[in-house]
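Quick caveat, the model's predicted, so the values are computed rather than measured.
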Amino acid sequence: MVRPLVLATLIALSPLASALVSAESEPDGADGEGTVETRVERLIDELGDSRYAVRRDASQALRTLGLRAFGQLRRGMRSADAEIAWACEKLLRAAARRLDRPTDSQEVRAWLHVLCECDDPSEREVLLLRTAGVDASCRVAWFDPSERVSKSAAARLLNDRELRMPESRRERIAASVTSLLERFGVVSRPAIDWLCLATRTGDAADVPAVDAAEWWRLSVLRERAGAENASDDTSPRAERQLVLWWLREALAAGDVTRAFVAVRRHVELSEEVPRALRLPLAWIAESGENALARDVLTEYSDRLADRRGLYLRAQLLREIGDEPAAAAAVKLALQTGDPAPGVASRQRAEGLDDWAIEELRAAGEHLEPPTLRAIDARRLLFGWQLDAAQYAAAVETIAPAIDLLSAMAETGQAFTDNRERWSLDAINNLAARRWLAEGQRREESGDNAAAAEAYEEAFELRGKDGFADADVLIAMHRLEEPAPGYRARVVGRIEELADLYDAQVLAQPDAPDWLNYWAWLVGNTVGDHDKAVRYSRRSLELLPDQPGLLDTLARSYFARGDVELAVETQRRAVELEPTAQVMRRQLAEFEAELVRIVE
């Protein structure tokens, strides 16, 4: 039987678990000895008995009880009787070595086995980064002998970049917590307190956000005090998560004062201010607390004066609706420090395409003298422009970089810190993509003969090792025949490349790339479209939910005539890779065909 959880006054300094009424479990079998709790208490006392046989039998009985005795064994470790404390620690460690369940997958069982057999808490913390699921992580938070590992496991579970934890994730964690409460009762330790409050498990569902914010704040203070006293029980990873939950609840309560203090604490825990502010500022903007957003920007104005900091300022100003101020901050950012292609990639992922393109253009200007940053910036912008079907702009972007790289290769020059990256093969591959874009530009202008010449240049550059670029052959196949015999020659090349890919599939049957290459080539041209679907499905079995592989499967379905499946699969690909415009164009093509069929 489990008594209802009762939440006491949260603003007290005692842990939440002490305010929760412990769950009681009926003993296994009617042995006449009362509850398991009473029996465990007696057995722990017997661990200090002067008679060896009594101590031996008590130890064996506690081993049999296993994790059901975990909470009381933890308390027994603090016994004034040194022998009881030693025996409890030994029994607790033995109990915590079996956290797997029959319902666990083989992967989870293997992960738990490695984790439980590891005696070093620091190594167990590293293993948590390879966590195998919510249920297993909850068990580690509940039962790991190390307080620090327990806290790190809980922090891993509570690590979510959304202002409001997705309901599906909250429900999964809450279900695991509830199951452990019902089976083992409340074990008094901070990690369990955190999981109960974050998921609002039991009566914690009724806790107002303002009280929860105060409780998280006090939890941060306790964790900080432990760190300052060099306690082995503290976890820096956990402290950062506690601060973010403090901020979440303060924003939910509309308490901007507490929210501001939480932001300050989050910054104090980081060495880089812009990185530390990125998530809190996004949450503040999402909460509509525009005045608080401006207060935070004012507080850290001198530490947001570099290029990354100014972009962060601009992003927040845009999110709260101050576009003129955002534009001014971007202009200042472009004039401050060195361009950073990495910043541009993050901006594009966040939907800030206009800023990302300006950043890459700025970075790509520095070709005299040549720099890797400039080459990388042009290559990245070239890829984006191809994705947007801006073929003329793409050629203009990449041509100077290819000319420079080719000249350096011919004279034996190279970037000393990156020789392999820009080998002659790599330069030829990039040049082939340039000629592909040039062919597409010429085709758009209606000059199919000139387009065919450009595609031939691309084919020759990529075909020197026998493996031509499938996209080049696809473009050739789609081109309206510019001369007699052109289509037959292209189909012959497609069949040759398909055979080469198939040989690789036979040699490496569990390599998803070769399966995908074959399906993409044939799905877009000629050949066995049923086999393309099979190969594509197999690639997704090996690498599930990969957007590029889903894109191929959708094209294979379409080639086979399964238009509804093509649309359904392509929508999933676009959902997973929303910035890929080429995938959106393919989806539009499939949807248009579906409409035509229905009509």
Carboxylate-amine/guanidinium contact Arg148 Asp233, below 4.0 Å | no

Under 3.5 Å, is there a donor-acceptor pair between the Arg222 and Ser219 side chains?
-> yes

Closest heavy-atom contact between Pro280 and Val263?
-> CB-CG2, 4.1 Å

Would you say Arg74's side chain and Ser188's backbone share a donor-acceptor pair under 3.5 angstrom?
-> yes

Ion pair Glu167/Arg170, N-O distance below 4.0 Å | yes

Using a strict 4.0 Å threshold on nitrogen-to-oxygen distance, state whether Asp57 and Arg51 make a salt bridge.
-> no

Does Glu249 come within less than 4.0 Å of Arg258, counting only side-chain N to carboxylate O?
-> no

Looking only at atom types and distance, does a side-chain atom of Thr199 sit under 3.5 Å from a main-chain N or O of Leu195, one as donor and one as acceptor?
-> yes

Is the shortest side-chain N to carboxylate O distance from Arg55 to Glu46 below 4.0 Å?
-> no

Is there a donor-acceptor contact under 3.5 Å from the side chain of Trp245 to the main chain of Ala213?
-> no

Is the Trp514 to Tyr517 ring centre distance short of 6.0 Å?
-> yes

Test item: Thr569 side-chain N/O and Ala554 main-chain N/O as donor-acceptor pair under 3.5 Å | no

Any luck finding a side-chain donor-acceptor pair between Thr234 and Glu223 under 3.5 Å?
-> no

Main-chain N/O of Gly548 paired with Gln546 side-chain donor or acceptor, under 3.5 Å = yes

Any ion pair linking Asp387 and Arg348 (charged N to carboxylate O, less than 4.0 Å)?
-> yes

Between Asp255 and Arg217, does at least one N-O distance fall below 4.0 Å, as a salt bridge requires?
-> no

With distance as the sole test, does Asn229 use its side chain to make a donor-acceptor pair with the main-chain N or O of Ala225 at under 3.5 Å?
-> yes

Using 4.0 Å as the upper bound for N to carboxylate O, is an ion pair formed by Lys151 and Glu239?
-> no

Would you please name every residue forming a side chain to side chain contact (heavy atoms under 4.5 Å, CB included) with Gln347, sequence neighbours left out?
-> Tyr311, Val343, Ala344, Leu352, Trp355, Ala356, Glu359

For residues 57-99, pull every pair meeting ring-ring contact (aromatic ring centres under 6.0 Å, His included), keeping only residues two or more places apart or in separate chains.
-> Phe70-Phe143

So, Arg572 and Asp545, do they make that salt bridge, N to O below 4.0 Å?
-> yes

Does a donor on one side chain and an acceptor on the other come within less than 3.5 Å for Ser152 and Ser235?
-> yes

Donor-acceptor pair, side chain of Ser539 and main chain of Pro512, under 3.5 angstrom = no

